[in-house]
Amino acid sequence: MGAGGRMSVPPSQRKQESGSMKRAPISKPPFTLSEIKKAIPPHCFQRSLIRSFSYLVYDFILVSIFYYVATAYFRNLPQPLSFVAWPIYWALQGSVLTGVWVIAHECGHHAFSDYQWIDDTVGLILHSSLLVPYFSWKYSHRRHHSNTGSLERDEVFVPKKRSSIRWWAKYLNNPPGRFVTITIQLTLGWPLYLAFNVAGRPYEGFACHYNPYGPIYNDRERLQIYISDVGVLAVTYGLYRLVLAKGLAWVICVYGVPLLIVNAFLVMITYLQHTHPALPHYDSSEWDWLRGALATVDRDYGILNKVFHNITDTHIAHHLFSTMPHYHAMEATKAIKPILGEYYSFDGTPVYKAIFREAKECIYVEPDEGEQSSKGVFWFRNKI
């Protein structure tokens, strides 16, 4: 991993994670956000409505092609071939629809165009079509960006302290247990987060992305939460009518399984961006916005980097400048690397290995021991 090992604790107390990867530095960065921004070519911050739509149209063309091939030709295939064809369709369609999800995510950041109403309209349509409450997630995700790395205020994948680990964790701290945990996380994690705030920030009261009067939202946001709910309900009703017309099996094969793959990719991408043994988390005594934004990691998904519009390998730049469109993020990342230096974190471990490694090593967080350790800085541990 590209993160360096400079820390505010003595070398004898530096506990490096497995392999040659080093912990990210936790000292105050020797640069400011404005200095990082100056290193980026100005055109990288310019949003083009035409160019943004071109990526969306390209994704829709691929989605349409996959849909047409599946619905027009798969029924004519002999049974052994159909057992192969449908999984290929699911993988391809789920991957491209994840790219559509990413564009909707950009709309929520006002990175799609210079017009907020266009961004919100496009985002609402796209996210609703994938059963995501657009405004609801837009606002909670915005707070995630405002509080990344904070143990008290971050919104998603907030690590538990050792004292909060449940009794059953020790029974899952083994290969079969981790496999079960990851499977549940990838299949049910996203709907459980939206409905019950699972793995999210603790709130007083019932936190739910569909509840306009829940503790996640303020009075100015409640009307838009209703709009989000209407969007999801409209698509749900459309799917119901489609089931009546085409049958449940047809809807599951054409839409349902690709949606499950989108949800799995979404959870995996987010989890791996913010979960790594070399990344710190901070309590209120140590946290500041810049160090929190830098406490993320870029990953390599191979060809899927392009399919996912580079949300995977330019995540640090995205956290620093979230209104920057994705088609400039690679250039911006290359520009800021010399400025960030050891504060830039990259892990090229294949993601199928990384997710099992992080599930093994990142169970809870606690500060390093020793009088000179910073008590407000927390690191992942796995000894239960």
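Small disclaimer: the values here were computed from a predicted structure and weren't measured.
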Practice item. Start with the C-alpha gap between His144 and His319, add the side-chain angles, then the distance that decides, and say whether ring-ring contact (aromatic ring centres under 6.0 Å, His included) holds. Key: CA-CA 10 Å; His144 159 63; His319 260 274; 5.1 Å; yes
Point to revise | Residues Ile36, Leu340; criterion side chain to side chain contact (heavy atoms under 4.5 Å, CB included); working and verdict | key: CA-CA 8 Å; Ile36 301 173; Leu340 299 184; 3.7 Å; yes
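For Phe196, the CZ atom is loosely surrounded, since the number of other residues' heavy atoms within 6.0 Å does not exceed 12. Counting heavy atoms of neighbouring residues, nucleotides and ligands inside a 6.0 Å radius, atom CZ of Phe179 does not exceed 12 of them.
Neither Phe346 nor Leu272 shares a network with the other; the hydrophobic side chains, linked directly or stepwise wherever heavy atoms of I, L, V, M, F, W or Y lie under 4.5 Å apart, form separate groups for each. Linking ILVMFWY side-chain heavy atoms closer than 4.5 Å, directly or via other members, places Phe308 and Met324 in two distinct hydrophobic clusters.
Between His315 and His318, the ring planes are tilted. Angles from 30° to 60° get that label. Trp86 and Phe74 have perpendicular rings, their planes meeting at more than 60° on a 0 to 90° scale where under 30° would count as parallel. Ring geometry for Phe380 versus His281: interplanar angle over 60°, hence perpendicular rather than tilted (30 to 60°). A tilted orientation is assigned to the rings of His145 and His105, their planes being inclined by 30° to 60°.
Ion pairing between Lys138 and Asp120 holds under the 4.0 Å rule for side-chain N and carboxylate O. Salt bridge absent: Lys306 and Asp313 never bring a charged side-chain N and a carboxylate O closer than 4.0 Å. At a threshold of 4.0 Å, the pair Lys161-Asp283 does not count as salt-bridged, since none of the basic side-chain nitrogens sits closer than that to a carboxylate oxygen.
Taking the six-membered ring where the residue is Trp, the centroids of His209 and Tyr193 are separated by under 6.0 Å.
Side-chain N/O atoms of His110 and Asp119 include a donor and acceptor closer than 3.5 Å. Using modelled atom types and a 3.5 Å distance limit, the side chains of Tyr89 and Thr71 yield no donor-acceptor pair. Using a 3.5 Å distance cut-off with no hydrogens or angles, the side chains of Tyr364 and Ser163 do not pair a donor with an acceptor. Residues Asn218 and Tyr139 bring no donor and acceptor atom of their side chains to less than 3.5 Å of each other. With hydrogens and angles left out, the side-chain atoms of Arg357 and His276 include a donor and acceptor closer than 3.5 Å. Between Glu155 and Tyr203, the side chains place a donor N or O and an acceptor N or O closer than 3.5 Å (distance only, hydrogens not considered).
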Pair up each side-chain donor or acceptor in residues 56-65 with any protein partner under 3.5 Å, not counting sequence neighbours, and list the distances.
unit_1	atom_1	unit_2	atom_2	d
Asp59	OD2	His309	NE2	2.8
Ser64	OG	Phe60	O	2.8

For residues 236-263, please give each side-chain donor-acceptor pair under 3.5 Å, one per line with the distance, not counting sequence neighbours.
unit_1	atom_1	unit_2	atom_2	d
Thr236	OG1	Val232	O	2.8
Tyr255	OH	Ser129	O	2.8

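Stacking of Lys37 on the aromatic ring of Phe45 is recorded, both the 6.0 Å distance cut-off and the 45° axial limit being met.
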